[in-house]
Each structure stands twice: as C-alpha cells, then as structure tokens.
Number of protein chains: 2
Amino acid sequence: MTAQRRALIETIQEATAHLDVASLLMQAREREPRINRATVYRTVELLKGLGMIDELDLMHLNGEKHYYEVKTQQDHLHLACFECGQIIEFATPAFERLKQEIAAINQFAIQVTRLEVGGLCSSCAAKKEKRLQQEPKPGPRG
Amino acid sequence: MTAQRRALIETIQEATAHLDVASLLMQAREREPRINRATVYRTVELLKGLGMIDELDLMHLNGEKHYYEVKTQQDHLHLACFECGQIIEFATPAFERLKQEIAAINQFAIQVTRLEVGGLCSSCAAKKEKRLQQEPKPGPRG
DNA sequence: CTCCAGTTGCGAATTAGTCGCAACTATGCA
DNA sequence: TGCATAGTTGCGACTAATTCGCAACTGGAG
Ligand SMILES: [Mn+2]
Ligand SMILES: [Mn+2]
Ligand SMILES: [Zn+2]
Ligand SMILES: [Zn+2]
C-alpha cells in the first residue's frame, strides 16, 4: 500500500462525480503530488480487477473517455441525457433480479455488470415536445 | 445514400461477429474499395444517432476498441468471459420489463440501452473450481 | 444536364492508453 | 534498527483510437 494508491482510492471514494483519468489524476495530486498518469492507469486496472471500482462510458457524451466510481453494495445503473448531459443514477430490485436470472440461465459467474441508458430526461423530452408542436413541419435535421 | 454508406450498412447487417472499426473498414472495402477510415467513424456516428446500430465495449477484453452491431427488435445483453474471451448474447422479457420500469419511474425517454456483464462462463468457472480444490493454499495472485 | 448541399479522402493533429526500464519504497526478516 | 528484495513508481517515448480541416467529389432534385 503506497501513498499513491492511498490517494487514488480515497479520491475515488470521496468523489461526488464520476471521474475520468485526467480528473482523477488532478484530484489525487491534491492529496499526494507525486503521482504520475501511468500510475493512475495501472491503479485503476488493479482496482477494477479487485472489484473495488466500476468503469463507465456514460454514453460517451464527452468524448471517448472512461469514468470510474466506487462499487457499492447494490449496483446502480446510469441514465444519460443526450440533450443536457445530465447523468441520473438509479437502483431497483428488478435489476438485482435480472442479474440473478442471467446468472442462473447462462450458468455464468457474474463479477461486473454495467447498465447504461441513453435518451432524454423528462425536462428535455418536454422541451422537444413543445418544439414539435410549434413547428409542425419537421426540418431536414429533425 | 452513397456507395460507402451502403457498403458499411450491409457489412454490419450481414456480420456474424461484433465488428470494431478496423474490421468494419476491411470488410466494407471488399464491397466498395473506396472507403476511408474517417468515413467509417463518421458513418458509425450517424447510424448510432439514427438508432440503427448499437455500440459495445465488450468489457474491453481486447483493448480499448468499440464494437458495433445492428439493433434488432428486442435488445439483448452481452456476457463476456474474462477467462476465455467468449461473448454470450442473451435476451429475456425481464430486461424489457426493467427498461419499462426505468422509463416510467424516471420519466426518461429511452433511446439506447447497453447492458454488459463480465465474469466467468460455466466451463471457465468449473476449471477454476477444480484448480482451487487441487491447490488449497491460494497463491498471492489468487 | 446542371447544380449544390452534403459527403468523402487525405493526412495531419489530438487524445487515450501502454510500455520498458532504471530508481525507489514498503515490508518482512535478521 | 538496518538489509534485502519484490513490487511499485516516474519518466518519456510509444502505440492505437479517434477527430479535424479542407479541397475534391457526387447523388439526386429540378
Ligand atoms: Mn454512478
Ligand atoms: Mn468504452
Ligand atoms: Zn436532459
Ligand atoms: Zn470462459
């Protein structure tokens, strides 16, 4: 257990947002300035393997980065709004049941699950609805 | 509708495996040699936006690429075995119900869903089980 | 047949992620 | 305490994935 790993783990655990590698590096450096980018990548792989963190795409709303978050007791899924970029987190027993069904039917020993949903949040859907009413003839780009 | 787009769409539709951009480019070139890598990226973005294809990570078992497949009537999920690399596809009404619940509770207009699961397939789980029995004291890398 | 909005190829640029290796350090042991 | 060393790190160069600007091209409407 090195100072670098401690800083990275604490940063992820106390983070309020989903962190990509660049943000993770910057924030971890506030705790421990001697951290290198390569160490972040290596540690993230390590923690993924240990099942301590999950990796997310968040629908690639902001480029091709990956995001990381602590793995908590109950898995949650992520809803990403294509319009406003908002990320909604959501957990439900139905998801837990689905995982059990997947494991049972396929005889598969689940270690990680990742459910990401893209679409429009309620307010953005409402805005788009209103726009369509005002402009009944759709333009060439919908 | 250009020859390039036609070739790319047909290639994805008739593909038997999940295609990354490099494979997609190679296979599409067999139909239409005048295709450039940039066009593949641009077309893939287009088709994603139109909801004609889905993008997958497949747990990044083979590097950081993304994979593409035609979007069919019923969404299916992907199970990736960390040991042998096998990808299992699976569809179930429970997943469809979960999506409806997500949309209803969050008032979210779903356009894309992506459920990926990582773990061990049944045969790899059995092998690991046997290995543990023969070697009761676990090594430092479990 | 003409025209042009939209698409493409090209090649360079950017960005994310990886790697080899020498220097360093946590940790178990004398 | 100090030593040995397995494992970790920083560095910097590298690879791979993706994006971009722009001039040339083309599908298809008229
Ligand atoms: Mn989250
Ligand atoms: Mn990804
Ligand atoms: Zn929104
Ligand atoms: Zn397997």
Side-chain angles (χ1 to χ4, degrees), chain A residues 1-12 18-50 52-69 114 137-142, chain B residues 1-12 18-50 52-69 118 137-142:
Chain A
M1 177 57 57
T2 62
Q4 287 89 337
R5 289 186 180 173
R6 215 180 335 267
L8 287 166
I9 292 171
E10 287 175 9
T11 302
I12 296 182
H18 299 108
L19 299 173
D20 59 21
V21 167
S23 330
L24 180 49
L25 175 59
M26 283 194 309
Q27 295 195 24
R29 271 182 174 160
E30 291 173 14
R31 293 167 187 271
E32 170 55 62
R34 301 160 144 275
I35 300 190
N36 185 271
R37 195 163 44 96
T39 300
V40 180
Y41 280 106
R42 291 190 280 231
T43 304
V44 149
E45 279 312 297
L46 180 72
L47 299 178
K48 265 203 295 175
L50 293 173
M52 290 177 61
I53 64 177
D54 274 335
E55 184 177 60
L56 305 170
D57 270 11
L58 300 183
M59 285 288 146
H60 291 307
L61 291 183
N62 293 300
E64 297 295 307
K65 326 171 198 191
H66 289 111
Y67 298 86
Y68 301 90
E69 67 177 6
R114 188 166 139 190
K137 178 180 290 183
R141 283 282 155 212
Chain B
M1 177 57 59
T2 62
Q4 287 89 335
R5 288 187 180 173
R6 215 180 336 265
L8 286 166
I9 292 170
E10 287 175 8
T11 301
I12 296 182
H18 298 107
L19 298 173
D20 59 21
V21 167
S23 327
L24 179 50
L25 176 58
M26 283 195 308
Q27 294 195 24
R29 271 182 172 161
E30 291 174 11
R31 292 167 188 271
E32 170 56 62
R34 300 160 144 275
I35 300 189
N36 186 270
R37 199 161 34 96
T39 299
V40 179
Y41 280 104
R42 293 190 278 230
T43 304
V44 148
E45 279 313 296
L46 179 72
L47 300 179
K48 265 203 294 175
L50 293 173
M52 290 178 60
I53 63 176
D54 274 333
E55 183 177 61
L56 305 170
D57 271 11
L58 299 182
M59 285 290 147
H60 291 306
L61 292 183
N62 293 300
E64 297 295 307
K65 326 171 199 191
H66 288 111
Y67 298 86
Y68 301 90
E69 66 178 8
K137 178 180 292 184
R141 284 279 156 214

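Quick note on labels: first sequence line is chain A, next is B, and so on, each numbered from 1.
In this structure, CZ of R5(A) is placed 12 Å from P of dA26(C), rounded to the nearest angstrom. Between L24(B) atom CG and dA17(D) atom P there is a gap of 14 Å when expressed in whole angstrom units. Distance CG (N36(B)) to P (dA12(C)): 13 Å, rounded to an integer number of Å. dC22(D) atom P lies 14 Å from atom CZ of R42(B), rounded to whole Å. dG6(C) atom P lies 19 Å from atom CD of E45(B), rounded to whole Å. Between I35(A) atom CD1 and dC11(D) atom C1' there is a gap of 15 Å when expressed in whole angstrom units.
With rounding to the nearest 0.5 Å, the separation of CD1 in I9(B) from CE in M52(B) is 4.5 Å. Within the model, atoms CD1 of I12(A) and NE2 of H18(A) stand 11.5 Å from one another, a figure rounded to the nearest 0.5 Å. With rounding to the nearest 0.5 Å, the separation of CD in E10(B) from CD in E32(B) is 10.5 Å. For the atom pair CG of L56(A) and CG of D20(A), the computed distance is 11.5 Å after rounding to the nearest 0.5 Å.
Each end of the helix from dC1(C)-dG30(D) to dA30(C)-dT1(D) gets its own axis, taken as the rotation carrying the C1' atoms of four end pairs onto the next four within a five-pair window, and the two axes meet at 30° to the nearest 10 degrees.
Taking 4.5 Å as the limit, every side-chain heavy atom of L47(A) sits out of range of all side-chain heavy atoms of L8(A). Taking the side chain as every heavy atom from C-beta outward, D54(A) and R114(A) never approach each other to under 4.5 Å. The shortest side-chain heavy-atom distance between T43(A) and Q4(A) does not fall under the 4.5 Å cut-off.
Residue Q4(A) places no side-chain N or O under 4.0 Å from the OP1 or OP2 atom of dT25(C). A close approach under 4.0 Å does occur between a side-chain nitrogen or oxygen of T2(B) and OP1 or OP2 of dT8(C).
At a cut-off of 3.5 Å, with distance as the only test, no side-chain donor of E55(B) or Y67(B) sits close to an acceptor on the other residue. A donor-acceptor contact under 3.5 angstrom links the side chains of D57(B) and H66(B), judged on distance only.
A salt bridge is defined here as a Lys NZ or Arg NE, NH1 or NH2 lying under 4.0 Å from an Asp or Glu carboxylate O, and E45(B) with R42(B) fails to meet this definition.
Listed nucleotides: dT27(C), dG9(C), dG20(C). Nearest to the side chain of M1(A): dT27(C).
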Please enumerate all protein N or O atoms sitting under 3.5 Å from an N or O of nucleotides 13-17 of chain C, with distances to 0.1 Å.
unit_1	atom_1	unit_2	atom_2	d
dG17(C)	OP1	H66(A)	ND1	2.8
dG17(C)	OP2	Y41(A)	OH	3.0
dG17(C)	N7	R37(A)	NH1	3.1

Short N/O separations, protein against nucleotides 24-26 of chain D, under 3.5 angstrom:
none

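Residues G118(B) and M59(B) share a closest heavy-atom pair of N-CE, 3.8 Å.
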